[in-house]
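As the structure is a computational prediction, the values presented were derived from the model and not from experiment. First listed ligand is number 1; within each ligand, the first listed atom is number 1.
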Amino acid sequence: MPTTTQTGTLLSVHELTKHYGDVHAVDGISFSVPSASVFTLLGPNGAGKTTTMEILEGIRDPDSGEITVFGTRVKRVDRTIKERMGVLLQEGNFEPYLKVKEVLRLFASFFSHPLPVEEILERIALTEKANAHVKTLSGGQKQRLALGAALINDPDLIFLDEPTTGLDPQARRNIWSIVTDLKAQGKGIILTTHYMEEAESLADHVCIMDHGKIIAEGSPQELCAQLGQETIIEFTAGELTEKDISLLKRGCKKARMDGEQVTVETEDLIATMEHLLAWAKDRNVKLKNMVVRQPNLEDVFLSLTGRRIRD
Ligand code: ATP
């Protein structure tokens, strides 16, 4: 059983900082990660997510700040603490001519009490591939193997830095399912992602990071609720002028153009749709790919920063 504080907190950081010269990669962030939860750092490239993870994985030292892990306050994360952590390595780094079970045996040899390789194979749904060479695995299977290697020591705290980047939707869902099982077993998972759907599907708590700071946090539902009763209308249109957009804005709360993509926010969907259709007819705008949806985390980020998470 994990050793936690009374509140079930596996990890907490307070005012953590890391500067590279003038770059404030991590700029005084504080958060905590309870057991049986998925904690997510969401942010654009360069927000400071990986630096934060690497400090907590013991790869980099912070400049300042407090780290309390498994109930003990530490200056840096050392070997003893790492025994109870699992870190996902990027896929493709395994020797291609090793067999799947050989990779897991190799990782098992690094720890004093590893889980049986068969148990890991089952968890990552690769039992049938136990004797397959790494080079014959698909991208999704390689990533599941990397996850298996991270789980070999039965860690209490698991770090997943962009675990599904580059995977197809099915492979992504397979990883999500393993993450959900880990949470059900009481593990704490720290996930970074710039996929909104990933954070929305998995996260109990999201910290939105930008320029080294946490600019908003809460459950995905709480964060989206910050935008109130809004509905988002999106469509693409050919060339539009600033004047087109300013006329469109008369019938909604906000409207913005991003290349051919137009995003409209409204608190009165029917009135805005009436205005939008009349506007399109008057100005001969061809509305394409129209979607009406509730706000998501991308909208929260856009509303906070004026930028998209994935530019
Ligand atoms: P990504 O999604 O692209 O991985 P990130 O949110 O993980 O981005 P970091 O990799 O933590 O961001 O980088 C945060 C900032 O620190 C960036 O401006 C980056 O250029 C800078 N940085 C990171 N590592 C170093 C380093 N070793 N030396 C100098 N600057 C660095």
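Lys253 contributes atom NZ, which lies 9.0 Å from atom OG1 of Thr266 (distance to the nearest 0.5 angstrom).
Aromatic pair Phe94/Phe107: ring centres closer than 6.0 Å.
At least one side-chain heavy atom of Met196 sits under 4.5 Å from a side-chain heavy atom of Leu42. Contact of the Leu137 side chain with the Lys129 side chain is registered, since non-hydrogen atoms from C-beta on lie closer than 4.5 Å.
Proximity to Ala47 (heavy-atom distance under 4.0 Å) selects the following atoms of ligand 1: 5 (P), 6 (O), 12 (O). In the vicinity of Glu162, heavy-atom distances shorter than 4.0 Å reach the ligand 1 atoms 2 (O). The contact set between ligand 1 and Pro44, taken as ligand atoms under 4.0 Å from a residue heavy atom, comprises 6 (O).
For the side chain to side chain donor-acceptor pair (under 3.5 Å) test with Asp161, the passing option among Thr50, Thr52, Thr193 is Thr50; the others fail.
Annotation for Arg173: atom CZ does not count as buried by contact number, only 12 or fewer foreign heavy atoms lying within 6.0 Å. Heavy-atom contacts from other residues, nucleotides or ligands closer than 6.0 Å to CZ of Arg76 number 12 or fewer.
At the top of the distance list for atom 10 (O) of ligand 1, counting protein heavy atoms only, stands Thr50 CB, 3.7 Å. Looking only at heavy atoms of the protein, atom 12 (O) of ligand 1 is closest to Gly48 N, 3.1 Å. Of the protein's non-hydrogen atoms, the one nearest atom 16 (O) of ligand 1 is Ala25 CB, 3.3 Å. The nearest heavy-atom contact from the protein to atom 2 (O) of ligand 1 is Lys49 NZ, 2.9 Å. The nearest heavy-atom contact from the protein to atom 28 (N) of ligand 1 is Tyr20 CD2, 3.5 Å.
Contacts between Val23 and ligand 1, counted as non-hydrogen atom pairs separated by less than 4.0 Å, involve the side chain only. When heavy-atom distances to ligand 1 are checked against a 4.0 Å cut-off, Met209 has no atom that comes that close, whether in backbone or side chain.
For Lys18, the heavy-atom gap to ligand 1 stays at 4.0 angstrom or more. Residue Gly43 places no heavy atom under 4.0 Å from ligand 1.
In this structure, Arg308 forms no cation-pi arrangement with Phe301, as its terminal cationic atom is not both closer than 6.0 Å to the ring centre and no more than 45° off the ring axis.
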